[in-house]
Asker: 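One structure, as structure tokens, below. Some questions next.
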Amino acid sequence: MNSDIATLENIANTLKAEPLANQRTLAKNADMSVGLMNAVLKRFVERGWIMFTHVTKQKFSYAITPQGLAELTERGKNFALRTFRIANTYNEAVLQLVSSAKQAGKTKVILYGESYVKFLLEYACKEASLPLEKKEDVGENPCAEKSALFVLGENLSGEDSARLLSLGAVSLLDVLYQKESEMAI
């Protein structure tokens with residue numbers, strides 16, 4: 001069913017860009033044969049997702065029906081819900097990491113390198129009332145402050161990551177992957 005919705009979305013995008021697209025164009029844009037596109041269009045017409053009219057004796061015009069649009073809208077909602085669940089799961093993982101560090105006596109968090117989810121770490125630090133320090137460069141004596149939680153951003157080089165991990169730093173990606181596997185998202 002998901003592949004049907006993906007194909008319907010592809011057809012809708014093609015028709016939006018080229019309202020009088022023929023089966024060959026629809027097939028090319030969906031990366032399928034014309035014969036398969038013909039069968040797909042027939043199935044979608046039966047489901048009420050697509051309608052067609054005769055432009056000439058041999059040419060058809062296709063349109064997505066309200067029912068087809070409803071299917072696409074439902075897919076968008078499902079995608080958004082899944083994305084929100086993942087974001088919430090990641091947020092919980094980072095909150096738990098920072099909260100546990102504070103309970104263990106850590107007085108600040110140091111992020112080495114850049115992170116796409118830095119905003120989650122910033123939020124968790126704010127919630128735990130721990131300052132967040134960001135360092136772009138690993139430097140000579142990383143992880144020297146025993147009272148800090150050291151976190152690796154996912155954009156840190158492999159060599160620097162390995163060095164920091166060996167000194168007790170925590171990989172933000174590993175924390176997120178662990179939480180994701182526990183939740184089986």
Side-chain angles (χ1 to χ4, degrees), residues 1-14 16-17 29-32 49 64 68-185:
M1 184 66 132
N2 277 344
S3 64
D4 281 352
I5 301 298
T7 302
L8 179 63
E9 185 173 31
N10 187 287
I11 291 169
N13 290 337
T14 300
K16 185 176 182 180
N29 289 349
D31 198 29
M32 61 177 64
W49 294 355
I64 306 295
L69 290 173
E71 288 292 331
L72 293 174
T73 300
E74 188 64 26
R75 177 188 175 152
K77 285 180 187 176
N78 290 339
F79 176 79
L81 286 173
R82 182 173 184 272
T83 301
F84 296 153
R85 276 194 301 273
I86 291 170
N88 189 50
T89 299
Y90 287 176
N91 187 46
E92 287 173 5
V94 175
L95 282 168
Q96 184 178 13
L97 172 70
V98 173
S99 175
S100 295
K102 184 172 183 172
Q103 288 175 358
K106 302 298 181 183
T107 58
K108 71 176 174 179
V109 177
I110 298 176
L111 171 64
Y112 282 102
E114 277 298 314
S115 173
Y116 294 116
V117 292
K118 177 175 53 180
F119 66 96
L120 293 175
L121 193 57
E122 290 169 339
Y123 174 75
C125 287
K126 183 177 178 183
E127 286 294 303
S129 300
L130 287 178
L132 173 63
E133 188 178 316
K134 300 166 196 155
K135 292 189 177 187
E136 297 299 318
D137 188 26
V138 172
E140 292 295 318
N141 196 10
C143 303
E145 298 177 54
K146 298 300 178 199
S147 64
L149 168 66
F150 301 98
V151 180
L152 299 157
E154 63 272 11
N155 294 326
L156 202 59
S157 75
E159 186 177 296
D160 285 341
S161 291
R163 181 173 166 217
L164 289 169
L165 287 170
S166 72
L167 295 171
V170 176
S171 165
L172 195 52
L173 271 183
D174 289 347
V175 169
L176 299 179
Y177 287 148
Q178 176 67 32
K179 186 67 170 180
E180 187 174 338
S181 67
E182 289 171 9
M183 300 299 288
I185 297 177

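Predicted model, so just to flag it, every value in this text is computed and none were measured. Position 1 is the first residue of the sequence; numbering continues from there.
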Asker: Which value, rounded to the nearest 0.5 Å, describes the distance between Leu97 atom CG and Leu120 atom CG?
Answerer: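 Result: 11.5 Å between the selected atoms.
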Asker: Between Asp137 and Asp160, does the side chain to side chain contact (heavy atoms under 4.5 Å, CB included) criterion hold? Intermediate values first, please.
Answerer: CA-CA 9 Å; Asp137 188 26; Asp160 285 341; 5.6 Å; no
Asker: Take Phe150 and Leu167 through the side chain to side chain contact (heavy atoms under 4.5 Å, CB included) test and state the conclusion after the steps.
Answerer: CA-CA 9 Å; Phe150 301 98; Leu167 295 171; over 6 Å; no
Asker: Say you draw a straight line from CG of Leu95 to CG of Leu121; how long is it, rounded to the nearest 0.5 Å?
Answerer: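 Between Leu95 CG and Leu121 CG, I get 10.0 Å after rounding to 0.5 Å.
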Asker: Could you check whether Lys134 pairs with Glu122 (Lys NZ or Arg NE/NH1/NH2 to Asp/Glu carboxylate O, under 4.0 Å)?
Answerer: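 Salt bridge between Lys134 and Glu122, a charged N being under 4.0 Å from a carboxylate O: yes.
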Asker: When rounded to the nearest 0.5 angstrom, what distance separates CG in Leu149 from CD in Glu133?
Answerer: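 Output value for this atom pair is 12.0 Å.
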Asker: If I take atom OH from residue Tyr112 and atom CG from residue Leu172, how far apart are they, to the nearest 0.5 angstrom?
Answerer: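 Tyr112 atom OH to Leu172 atom CG measures 15.0 Å (nearest 0.5 Å).
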Asker: Which pair of non-hydrogen atoms, one from Leu176 and one from Ala93, has the smallest distance, and what is that distance?
Answerer: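 Looking at all heavy atoms of both residues, the shortest contact is CD2-CB, 4.3 Å.
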Asker: Applying side chain to side chain donor-acceptor pair (under 3.5 Å) to Glu92 and Asn88, what does each step give before you reach the verdict?
Answerer: CA-CA 6 Å; Glu92 287 173 5; Asn88 189 50; 3.2 Å; yes
Asker: Ignoring hydrogens, what is the shortest heavy-atom contact between Leu132 and Cys125? Give both atom names and the distance.
Answerer: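 Leu132 and Cys125 have their closest heavy atoms at CB-SG, 3.9 Å.
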Asker: Say you draw a straight line from CG of Leu164 to OG of Ser157; how long is it, rounded to the nearest 0.5 Å?
Answerer: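 One finds 8.5 Å between CG of Leu164 and OG of Ser157.
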Asker: Looking at side-chain heavy atoms only, is the closest gap between Glu127 and Ser99 below 4.5 Å?
Answerer: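 No; the side chains remain at least 4.5 Å from each other.
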Asker: Distance from Gln178 atom CD to Asp174 atom CG, nearest 0.5 Å?
Answerer: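 It is 9.0 Å, given to the nearest 0.5 Å.
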Asker: Where is the tightest heavy-atom contact between Leu130 and Lys108, given as atom of each residue plus distance?
Answerer: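 Between these two residues, the closest heavy atoms are CD2-N, 4.0 Å.
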Asker: Report yes or no: does Asn29 contribute a side-chain atom to a donor-acceptor pair with the main-chain N or O of Asn10 at less than 3.5 Å?
Answerer: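 No, Asn29 side chain to Asn10 backbone: no donor-acceptor pair under 3.5 Å.
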Asker: Which pair of non-hydrogen atoms, one from Gly68 and one from Leu8, has the smallest distance, and what is that distance?
Answerer: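 Between these two residues, the closest heavy atoms are O-CD2, 3.6 Å.
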Asker: Looking at Ser147 and Thr107, would you say the former's side chain and the latter's main chain have a donor-acceptor pair under 3.5 Å?
Answerer: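 It does not hold such a pair.
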Asker: At their closest point, which heavy atom of Asn155 faces which heavy atom of Ser115, and how far apart are they?
Answerer: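 Closest approach of Asn155 to Ser115: ND2-N, 4.3 Å.
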Asker: Return the minimal non-hydrogen interatomic distance between Trp49 and Glu71, and the atom names on each side.
Answerer: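 The answer is NE1-CG, 3.3 Å.
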Asker: Starting from the C-alpha separation in whole Å, work towards a yes-or-no answer on side chain to side chain contact (heavy atoms under 4.5 Å, CB included) for Ile110 and Lys135.
Answerer: CA-CA 7 Å; Ile110 298 176; Lys135 292 189 177 187; 3.9 Å; yes
